[in-house]
Undergrad: 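This structure is in structure tokens; I'll ask about it shortly.
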Amino acid sequence: MYLFGYGSLINIVSAQKSFKRVLKQEDLIPVCIKGYEKVWNSIESIRFDEENVNGVFLNLKENQNTSTSGVVLKITDEEFESLKLREKNYSQIIIKASNADIPLDSDITAFMTTNEKKLANKGDENCFIPAKYVDILTSSFPSYPDTFVNKYKECLKDYPFALKEGIYTFSDPIQNKFAKKGFSSSETK
């Protein structure tokens, strides 16, 4: 199966934390998916130092008039189960292979927040975009072609929430393990 990564999974260092196998940059295949756009509205409960806040992360939104960039990655069923822990507040959706700008031999799975209670609206209080998350995204850019980067940067302007500097952790310990620490080195093949 293919997984569409459009947030921290575009960064190989971040993506590697959810896999026992060693990923190579060429495993993260740049793609443009029509019918979707990236939006800043997925809420995760996070902690900055001792402060609990709503971290706002990238999400997908259906929009037949646009397209969005990300990566596709071939994954196993076992890897998908681990990724569900990392992306625990997201629903799994299926995107038709024909929506990709490259030929794929099967449809694509993606994670998308669909629970209204987990969606931020502009003006909501105690909602921040973690600046470190934006750094994870932008630090991956040297690994991709300019056309990919230029398309991706469309979501990195006019942020609907303030950026918050500092180190953050996910409040949920299992989610934090897979997003921040990943598999321990003894579990890595």
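Counting begins at 1 with the first residue of the sequence. Keep in mind that this is a model prediction, so the values were computed, not measured.
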Undergrad: Are L73 and L9 packed together at the side-chain level, in the sense that at least one heavy-atom pair is separated by less than 4.5 angstrom?
TA: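 They are not in contact (no side-chain heavy atoms under 4.5 Å apart), so the answer is no.
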Undergrad: Of R21, K20, K84, which is the lone residue that meets side chain to side chain donor-acceptor pair (under 3.5 Å) with E79?
TA: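 Among R21, K20, K84, the one meeting side chain to side chain donor-acceptor pair (under 3.5 Å) with E79 is R21.
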Undergrad: Determine whether L58 and C155 make a side-chain contact, defined as any pair of heavy atoms from C-beta on separated by less than 4.5 Å.
TA: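 Yes, side chains in contact.
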Undergrad: Backbone N or O of S45 within a donor-acceptor pair of the S171 side chain at under 3.5 Å?
TA: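 Side chain of S171 to backbone of S45, a donor-acceptor pair under 3.5 Å: yes, one is there.
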Undergrad: So, taking the atom named CZ in F128 and the one named CZ in F161, what distance separates them when rounded to the nearest 0.5 Å?
TA: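 The CZ atom of F128 sits 10.5 Å away from the CZ atom of F161.
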Undergrad: Would K74 count as a cation-pi partner of Y2, with NZ or CZ less than 6.0 Å from the six-membered ring centre and within 45° of the ring normal?
TA: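 Ring-cation test returns yes.
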Undergrad: Quick one: are Y6 and T68 in side-chain contact, heavy atoms under 4.5 Å?
TA: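 No, their side chains stay 4.5 Å or more apart.
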Undergrad: Does K38 make a cation-pi contact with Y152, if we ask for NZ or CZ under 6.0 Å from the ring centre and within 45° of the axis?
TA: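 Ring-cation test returns yes.
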Undergrad: Would you confirm whether N11, through its side chain, and S8, through its main-chain N or O, come within 3.5 Å as a donor-acceptor pair?
TA: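 Looks like no, no N/O pair under 3.5 Å.
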Undergrad: Under the side-chain contact (heavy atoms from CB on, under 4.5 Å) test against N41, which residue among N121, D124, N59 passes?
TA: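 Exactly one pass, corresponding to N59.
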Undergrad: Looking at E44 and G55, would you say the former's side chain and the latter's main chain have a donor-acceptor pair under 3.5 Å?
TA: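 Side chain of E44 to backbone of G55: no pair is present.
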Undergrad: With under 30° as parallel and over 60° as perpendicular, where do the rings of F111 and Y90 fit, or are they tilted in between?
TA: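 Rings of F111 and Y90: perpendicular, as their planes differ by over 60°.
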Undergrad: Which pair of non-hydrogen atoms, one from I12 and one from L23, has the smallest distance, and what is that distance?
TA: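 Answer, listing the atom of I12 first, then L23: CD1-O, 3.7 Å.
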Undergrad: Tell me whether the count of non-hydrogen atoms from other residues, nucleotides or ligands lying under 6.0 Å of NZ in K96 goes above 12.
TA: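 No, NZ of K96 has 12 or fewer neighbouring heavy atoms, counting only those of other groups under 6.0 Å.
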Undergrad: Please work out which of the three classes, parallel, tilted or perpendicular, describes the rings of F57 and Y133, given edges at 30° and 60°.
TA: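 Ring orientation, 0 to 90° scale: perpendicular.
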Undergrad: List the steps, then state whether side chain to side chain contact (heavy atoms under 4.5 Å, CB included) holds for Y168 with V53.
TA: CA-CA 10 Å; Y168 67 94; V53 301; over 6 Å; no
Undergrad: Roughly how far apart are E78 CD and L83 CG, rounded to 0.5 Å?
TA: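 Those atoms lie 11.0 Å apart.
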Undergrad: Does any N or O in the side chain of D101 come within less than 3.5 Å of the main-chain N or O of V31, such that one atom is a donor and the other an acceptor?
TA: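 Between the backbone of V31 and the side chain of D101 there is no qualifying donor-acceptor contact (under 3.5 Å).
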Undergrad: Counting only heavy atoms not in D77, do more than 12 fall under 6.0 Å of its CG?
TA: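 At most 12 heavy atoms, drawn from other residues, nucleotides or ligands, come within 6.0 Å of this atom.
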Undergrad: Does a side-chain heavy-atom distance below 4.5 Å link Y36 with K61?
TA: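 Y36 does not reach K61 side chain to side chain.
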Undergrad: Heavy atoms, side chains only, cut-off 4.5 Å: are L156 and W40 in contact?
TA: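 When only atoms from C-beta onward are counted, W40 and L156 do touch, with a gap below 4.5 Å.
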Undergrad: Would you say that F4 contacts L60 through its side chain, given a criterion of any heavy-atom pair below 4.5 Å between the two side chains?
TA: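 Of all side-chain heavy-atom pairs linking L60 with F4, at least one is under 4.5 Å.
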Undergrad: Measure the shortest side-chain to side-chain distance between P160 and I129 over non-hydrogen atoms and say whether it is less than 4.5 angstrom.
TA: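 SC-SC contact between P160 and I129 confirmed.
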Undergrad: Got T109 and I94 here, is their nearest side-chain heavy-atom distance under 4.5 Å?
TA: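 They are in contact (side-chain heavy atoms under 4.5 Å apart), so the answer is yes.
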Undergrad: Could you tell me whether K153 atom NZ has more than 12 heavy atoms of other residues or ligands within 6.0 Å of it?
TA: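 Counting other residues, nucleotides and ligands, NZ of K153 stays at 12 neighbours or fewer.
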Undergrad: If you measure from the Lys or Arg side-chain nitrogens to the Asp or Glu carboxylate oxygens, is any gap between E50 and R47 under 4.0 Å?
TA: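 Salt bridge between E50 and R47, a charged N being under 4.0 Å from a carboxylate O: yes.
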